[in-house]
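Notes follow once the structure below has been shown.
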Amino acid sequence: MKQKPKILIVDDDVDLVKVMKGTLESKPYDVIVAYNGKEGLEKAKKEKPDLIMLDIMMPVMDGFSFAEQFAKDPSIAKIPVLALTSFSDSLGQPFTFEVSEYLRKPLKPKDLIAKVEEHLKRKGL
Amino acid sequence: MSGRLEPGIRKPLKKMNNVISREQSATEHTPEERALLFRLGVYIKIRWLIVLMVVFATLFASLVFNIDFPTLPVYIICAIIASYNLIFVRQARRLEADKVGQVIERAQASANIQIVLDLLMLTALMHFAGGIENPFISFYLAHTIAASILLPQRRAYALATLVLLAITLLVLLEYYGVIPHVNLQGFVLETRYKDSSRVIGVLVALATLVYGCTYVVTAVSGELRRRQQEMVKLMDQLLDKRNKELEQASKEVVKLEEERRHFARFLGVVAHDLQSPLVATQSLISYILDGFTGTITDGQRDLLERGIRRIDGLLTLITDLLDIPRIETGQITREMREISFIEVVKRSLEGMDNLAQQKGITLKVELPENLPKINGASRRLQQVVTNLVSNAINYTNEGMVLVRVTDSDNDVRFEVIDSGIGVLPGDLPRLFNDFFRGSNAGSKGTGLGLSISKRIVEAHGGKIWVESPDPETKKGSKFAFTLPKKPAAMHQ
C-alpha cells in the first residue's frame with residue numbers, strides 16, 4: 001500500500017493544532033506537530049515531511065526565522081510550505097521570503113484540505 | 001512576536017549627526033593668525049619699497065644734487081637689507097603652511113627679529129648718510145609705525161624707546177666725536193651736527209613723534225584686534241549653540257523613531273493576542289460545522305453559523321481599530337512602492353462578481369487600457385477599493401454597480417456608482433467620520449471602513465468624496481477618490 005503523505009504542522013496555538021490535526025488525519029494523512037519554529041525545524045530535518053503548515057507569529061522562533069533557516073538547509077528546502085497568517089498580519093507587512101502559498105486564518109477545514117491536496121498533487125503525491 | 005514587523009523604518013536622519021564645525025586644516029588659520037600673517041607680509045613688502053627708495057635717493061643726491069658723501073656703505077647696507085628680506089619672504093611662506101596654533105608665536109618671534117634688524121640697519125644707514133643732518137632721519141617714524149602695527153602695545157612702546165635710544169646714541173657719539181661724522185657736502189652746513197640746540201630740538205621732536213605714532217597705531221590696531229577676538233568668540237558661541245541644538249534635535253528624532261517602533265510592535269502584539277483566540281474559536285466551530293465531530297441538526301448549524309458571523313464582525317472591528325494608529329504613524333509611506341493601480345483594482349474585484357450575483361445585481365467594470373504606474377501602498381489601496389465596492393454592492397438591492405477608473409493629467413481617478421439606497425443628505429458631511437454609520441445603513445459594518453479609506457487615500461496625497469444621488473444617474477450614490485501620479489512630498 002502506498003505510504004500516507006506526511007504533514008508537519010508548526011503552530012503554537014494548541015486549539016488550532018488540534019483542529020488542523022483532526023482535519024488532516026481524517027483524509028488520511030500522517031500528521032506531525034511542532035509548537036514553535038525551533039522544534040519545527042528539528043522535526044522537519046528528522047522526519048522529512050511532504051508538506052509544512054507554518055504559522056507566522058510564534059514564540060521561541062517565529063515563522064520568519066523558521067523560513068530563513070529552512071531555506072538554508074538543502075535537505076529540506078524543497079518541501080512546500082503553506083504559511084498561515086493571522087487576520088491583520090497579512091495587511092501591511094510585506095514578507096520577504098518565499099513560501100509556496102499564504103493562507104489567511106481562520107481556515108475552514110474543507111478549505112484546508114483542498115489547499116493541502118492541491119500542493120501535494122503538485123508534488124506528485 | 002517578530003521584530004520584523006516594520007521593515008521600512010527610515011534610518012535616523014544621517015545628516016543631522018554631522019555636527020557643524022569651523023573647518024580648520026593646516027592651511028586655514030584662525031582670523032587672528034591670518035591678520036598677523038597679513039601684517040607681516042605688508043611689512044616685508046614695505047621693506048622692498050624702502051630699499052628701492054634709499055637707493056634712488058642716494059643716486060639722486062650724489063648724481064643730481066652733487067652732494068658729496070661716500071655712497072658705497074649705503075649700497076652695501078641696502079644689499080644687506082635686501083638679502084635678509086629675501087630670507088624673511090621665504091620664512092613667511094613657511095609660516096602660511098604652518099599648523100594652526102603655532103603660527104602666532106612663530107610670526108611674532110620673526111617680527112621681533114625683523115624689527116630689531118631694521119632698527120640696526122636704519123641707524124647704520126643714518127650714520128653713513130650724514131646722521132642728524134639727513135632729513136631722512138624721519139624714516140625712524142615709518143619704522144615705528146610699521147613696527148607698532150605688528151607688535152602688542154607694551155612691546156611697541158619698548159620699541160619706541162629703543163628707537164629713540166638708537167638715535168640719541170648715534171647723534172651723541174657723533175657729537176662728541178667718538179665716531180666720525182659723515183658730512184653731506186653741498187647739502188647742509190658742516191657744523192650742524194655739533195649745534196647742541198639743534199641736536200636737542202631734533203631729538204625732542206623725534207621723541208614726541210615716535211611716542212605719538214606708537215600711541216595712535218597701537219590704539220587703533222589694538223582696537224581692531226579686540227573686535228576681531230570678540231567676533232571670533234561670538235562666532236564660536238553661535239556655532240556651539242547650533243551644534244547643541246542639532247544634537248538635541250537628532251536625539252529627539254532617534255527617540256521618536258524608537259517610540260514609534262515600540263508602538264508598532266505593541267500594536268502587533270495586541271492584534272495577535274486579541275485575534276488568536278477568536279480565530280481559534282472560529283476554527284473549532286468550523287470543525288463542528290463541517291461534520292468532523294458527527295452530524296449536527298439544522299438548528300445547531302444555524303446557531304453555530306451565527307456565532308461565526310459575530311466573531312467575524314469582531315475580528316473586522318479589531319483589525320480596523322488597530323489599522324488607524326498604524327496608518328497615522330506613517331506606516332503607509334513606508335509601504336509605498338511603484339505599483340500598477342489597475343492590478344490593484346483587478347485583485348480587489350476578485351470574488352465581487354459572486355457577491356453581486358448573489359444579490360441579483362450587475363457589476364460593470366470600466367478600466368483604461370493603459371495607466372501609468374503610481375507610487376502607492378498596494379495592499380492599502382486594495383483595502384480602499386474592496387471597501388468601496390463591497391459597500392456599493394451591500395447597499396444596492398437592484399440595478400447595477402459601476403466601477404470606473406479614469407486617467408487625467410495629474411491624477412488617477414477611481415469611481416464606484418451604484419443604484420442603491422444612497423446617503424441621506426444629513427449624513428453626507430459625517431460619512432467619513434470614525435464610527436459613523438448612515439441612518440439608513442442598518443447595523444452592518446464597524447463604521448470605520450470609510451474613515452480608514454479616507455486616511456489611506458489622504459496618506460497618498462489624494463482626495464476621497466461622495467456624491468448622493470450620483471449626478472449622472474440621479475440615483476444611488478457615487479464614491480470616488482483620486483491618487484496623484486507624481487508622489488507628493490510627504491503625507492503622514
Side-chain angles (χ1 to χ4, degrees), chain A residues 9 11-29 31 35-37 53-69 83-97 102-115, chain B residues 1-8 264 267-293 305 308 311-312 314-323 326-327 329 331-337 377-383 386 452 456:
Chain A
I9 299 174
D11 197 327
D12 63 312
D13 192 314
V14 184
D15 292 331
L16 269 183
V17 167
K18 183 183 162 71
V19 172
M20 281 196 280
K21 191 167 186 279
T23 307
L24 292 172
E25 277 173 345
S26 76
K27 264 306 283 174
Y29 296 131
V31 179
Y35 290 98
N36 63 55
M53 307 287 309
L54 172 69
D55 181 30
I56 297 296
M57 300 298 168
M58 280 183 300
V60 185
M61 183 195 279
D62 65 24
F64 295 105
S65 318
F66 174 90
E68 227 168 58
Q69 306 253 338
L84 299 163
T85 67
S86 260
F87 212 82
S88 63
D89 305 336
S90 58
L91 278 175
Q93 272 102 52
F95 299 117
T96 47
F97 57 88
Y102 286 102
L103 304 176
R104 194 154 125 166
K105 292 182 191 174
L107 207 58
K108 287 189 180 141
K110 279 177 189 160
D111 297 337
L112 174 64
I113 288 174
K115 283 289 171 196
Chain B
M1 183 59 53
S2 164
R4 225 166 312 188
L5 278 172
E6 303 297 317
L267 284 180
V269 175
V270 169
H272 180 256
D273 290 0
L274 283 177
Q275 289 166 348
S276 294
L278 296 174
V279 167
T281 311
Q282 271 193 333
S283 297
L284 294 172
I285 297 174
S286 299
Y287 196 62
I288 302 172
L289 271 173
D290 285 4
F292 285 90
T293 53
E305 277 173 353
I308 284 200
I311 294 173
D312 259 340
L314 189 51
L315 279 171
T316 313
L317 178 63
I318 292 168
T319 309
D320 284 355
L321 278 177
L322 294 172
D323 253 0
R326 283 182 183 176
I327 295 169
T329 46
Q331 170 102 23
I332 289 186
T333 325
R334 278 184 291 280
E335 286 172 31
M336 284 198 191
R337 307 279 181 277
S378 57
R379 287 168 199 263
R380 297 293 181 179
L381 292 175
Q382 199 175 324
Q383 206 178 336
T386 306
I452 288 172
I456 294 172

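Below, read A as the first sequence line, B as the second, and so on, with proteins coming before strands; counting in each chain starts at 1.
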Checklist outcome for this item: The reported gap from CG in A/D55 to OG in B/S276 (rounded to nearest 0.5 angstrom) is 7.5 Å
Next on the checklist: Under the rule for side chain to side chain contact (heavy atoms under 4.5 Å, CB included), what residues qualify as partners of B/L321, not counting sequence neighbours?
Outcome noted: B/L317, B/F435, B/L448
Checklist entry - Which residues satisfy the ring-ring contact (aromatic ring centres under 6.0 Å, His included) test with A/Y29, sequence neighbours excluded? => result none
Item to check | Contact class of A/D15 relative to chain B, heavy atoms under 4.5 angstrom | outcome: both
Checklist outcome for this item: With sequence neighbours left out, the residues meeting side chain to side chain donor-acceptor pair (under 3.5 Å) with B/D320 are B/T446
Checklist entry - Side chain, backbone, both or neither: which part of B/A280 has a non-hydrogen atom closer than 4.5 Å to chain A? => result both
Next on the checklist: What part of B/Y287 gets within 4.5 angstrom of chain A, counting heavy atoms only: side chain, backbone, both, or neither?
Outcome noted: both
Item to check | Residues in residues 16-24 of chain A near chain B [non-hydrogen atoms, under 4.5 Å] | outcome: A/L16, A/V19, A/G22, A/T23
